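Below is one structure, written out as structure tokens; comments come after it.
So you know, we letter chains A, B, ... as the sequences are listed, proteins then strands, and number each from 1. What you see is a predicted model; the values in this text were computed from it and never measured. Atom set for the values below is all heavy atoms of this structure, side chains included, hydrogens, waters and symmetry mates excluded.
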Protein chains: 2
Amino acid sequence: MLSRKKEIPEQLNERLATSGLRFTPQRQQVYNVLLDTRDHPTAEEVFLRAKHESPDISMATVYNCLDALVTCGLVRQVNVNRAATRYCPNMNDHCHFYCDDCGKVLDVNCTSAGPVAGAKVPSGFQVTHYELSLRGRCPDCATKANKLHH
Amino acid sequence: MLSRKKEIPEQLNERLATSGLRFTPQRQQVYNVLLDTRDHPTAEEVFLRAKHESPDISMATVYNCLDALVTCGLVRQVNVNRAATRYCPNMNDHCHFYCDDCGKVLDVNCTSAGPVAGAKVPSGFQVTHYELSLRGRCPDCATKANKLHH
DNA sequence: CTATATGCAAATAGTTTGCCTGTTA
DNA sequence: TAACAGGCAAACTATTTGCATATAG
């Protein structure tokens, strides 16, 4: 559970510095929360979890920390429908699956080519980021839905 | 400009009926706005444009109409970052490009295979929708940015 | 020491809801 | 005419901002 917490403090410090940002206990704490449970929490969920160890942390600080982590390239924002923005510390090439039944957001691995390879981007466009989001039923909910048919 | 307005009223009527929804002048008007200028407007932009022809239309109605159009499969929602949801009447296989410089959202054609083909979706997932969004610089802004280097 | 970050509270933006009236099928 | 849609205003949720204090480098 807590094993990851000691693995990356220097990495975080360096990454922040590279982007001209300062290391703070709150930024460490917010990053730890994202690494501990990789369920793509919203800012408010991060806030509630971070409060366990940092009871004085505020929502404004959580947003600030999340922005800092995005800026220095350690975290990605995930947007699903009209709902609140979610945050993902997995920076590998992957996409997100949103389950319409249970609301969970899951990481899905992509081919090594990456989804952008599948899109003929007309010349002239400079693509710096991409996000592929899938929607439907996750395996758990698909199984449950099948059982109801019997 | 207005040429499309008369092309689809029956189609809209039928599509709404198929989903158990009623045809109303407001829904027609909102759909016309989306078809007239395909720049992926937000709900508020749709509202402002619709008011020209339907001065009494309200925001609540615009949201209702947009939801109705999404429900009956004539319009897609487009989510970009933390900003307001945008709406797109192009139901062909395509993805969206968001320009970080000018904020425009542009349609980009995909290969016939579609971007989902590029993602190894683990077995068990039932994918019903997908959305590929790209970010970076659009051709116009890329050209402008290059000129500044001389 | 100085720029930057925090914490609090108030402000905004986007969206939804309730309720009554109007309209569609 | 009965169920659904519109209009208005209030409520709500997510996010941002202003400002005084604290702290990292």
Side-chain angles (χ1 to χ4, degrees), chain A residues 9-10 12-31 33 40-51 53-72 75 77-87 103 105, chain B residues 9-10 12-33 40-51 53-72 74-75 77-87 103 105:
Chain A
E10 304 103 290
L12 174 57
N13 197 336
E14 285 165 22
R15 288 297 204 111
L16 287 167
T18 306
S19 299
L21 299 166
R22 291 180 180 171
F23 176 91
T24 69
Q26 290 87 344
R27 285 173 181 177
Q28 180 70 66
Q29 175 64 18
V30 164
Y31 191 39
V33 164
H40 308 85
T42 62
E44 181 157 27
E45 287 164 342
V46 171
F47 171 65
L48 294 172
R49 295 176 196 177
K51 275 212 295 194
E53 295 213 8
S54 313
D56 290 340
I57 200 169
S58 71
M59 270 305 294
T61 297
V62 168
Y63 276 107
N64 176 327
C65 294
L66 289 169
D67 282 348
L69 293 169
V70 169
T71 299
C72 72
V75 165
Q77 295 188 341
V78 182
N79 296 283
V80 187
N81 299 332
R82 285 176 182 164
T85 300
R86 294 165 175 277
Y87 296 85
V105 175
Chain B
E10 305 105 287
L12 174 57
N13 198 336
E14 286 165 21
R15 287 296 205 112
L16 287 167
T18 305
S19 299
L21 299 165
R22 291 180 180 169
F23 176 91
T24 68
Q26 289 88 343
R27 285 173 180 177
Q28 179 71 65
Q29 174 65 18
V30 164
Y31 192 37
N32 286 346
V33 164
H40 309 84
T42 63
E44 181 157 26
E45 287 164 342
V46 171
F47 171 64
L48 293 172
R49 295 176 197 176
K51 275 213 295 193
E53 295 211 8
S54 313
D56 289 339
I57 201 168
S58 71
M59 269 304 295
T61 297
V62 168
Y63 275 106
N64 177 327
C65 294
L66 290 169
D67 282 347
L69 293 168
V70 169
T71 298
C72 72
L74 288 173
V75 165
Q77 295 188 340
V78 182
N79 296 284
V80 187
N81 298 335
R82 285 175 183 164
T85 301
R86 295 166 174 276
Y87 295 86
V105 175

Any donor-acceptor pair under 3.5 Å linking the side chain of [X] with the backbone of [Y]?
| X | Y | answer |
| --- | --- | --- |
| B:His40 | B:Tyr87 | no |
| B:Arg15 | B:Cys72 | yes |
| B:Glu45 | B:Thr42 | yes |

Which one, C:dG7, C:dT15, D:dC8, comes nearest to the side chain of A:Asp56?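 Side chain of A:Asp56 sits closest to C:dG7.
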For the side chain of A:Ile57, starting at C-beta, report the closest nucleotide among C:dG7, C:dT6, C:dT15.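 Nearest nucleotide to the side chain: C:dG7.
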Distance-only donor-acceptor check, side chains A:Asn64 and A:Arg27, under 3.5 Å: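 Per modelled atom types, A:Asn64 and A:Arg27 side chains form a pair under 3.5 Å.
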[X] side-chain N/O to [N] phosphate OP1/OP2 under 4.0 Å:
| X | N | value |
| --- | --- | --- |
| A:Asn64 | C:dA5 | no |
| B:Gln26 | D:dG7 | yes |
| A:Tyr63 | D:dT15 | yes |

Note the angle between the end axes of the helix from C:dC1-D:dG25 to C:dA25-D:dT1, five pairs defining each, rounded to 10 degrees.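 The end-segment axes of the helix from C:dC1-D:dG25 to C:dA25-D:dT1 are tilted 50° relative to each other.
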When you compare the side chain of B:Ile57 with that of B:Phe47, does any pair of heavy atoms fall below 4.5 Å?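 Yes. Closest side-chain heavy atoms under 4.5 Å.
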Taking the side chain as everything from C-beta on, heavy atoms only, tell me whether A:Val75 gets closer than 4.5 Å to A:Val30.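 Side chain of A:Val75 against side chain of A:Val30, heavy atoms only: no contact under 4.5 Å found.
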Below 3.5 Å between N/O atoms, which protein atoms pair up with nucleotides 18-25 of chain D? Just atom names and distances, please.
from   : atom 1 : to      : atom 2 : distance (Å)
D:dA24 : O3'    : A:Phe23 : O      : 3.3
D:dA24 : N3     : A:Arg22 : NH1    : 3.3
D:dG25 : OP1    : A:Phe23 : N      : 3.3

Applying the side chain to side chain contact (heavy atoms under 4.5 Å, CB included) test to B:Tyr31, which of B:Val46, B:Leu74, B:Leu66 qualifies?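 The side chain to side chain contact (heavy atoms under 4.5 Å, CB included) with B:Tyr31 is passed solely by B:Leu74 among B:Val46, B:Leu74, B:Leu66.
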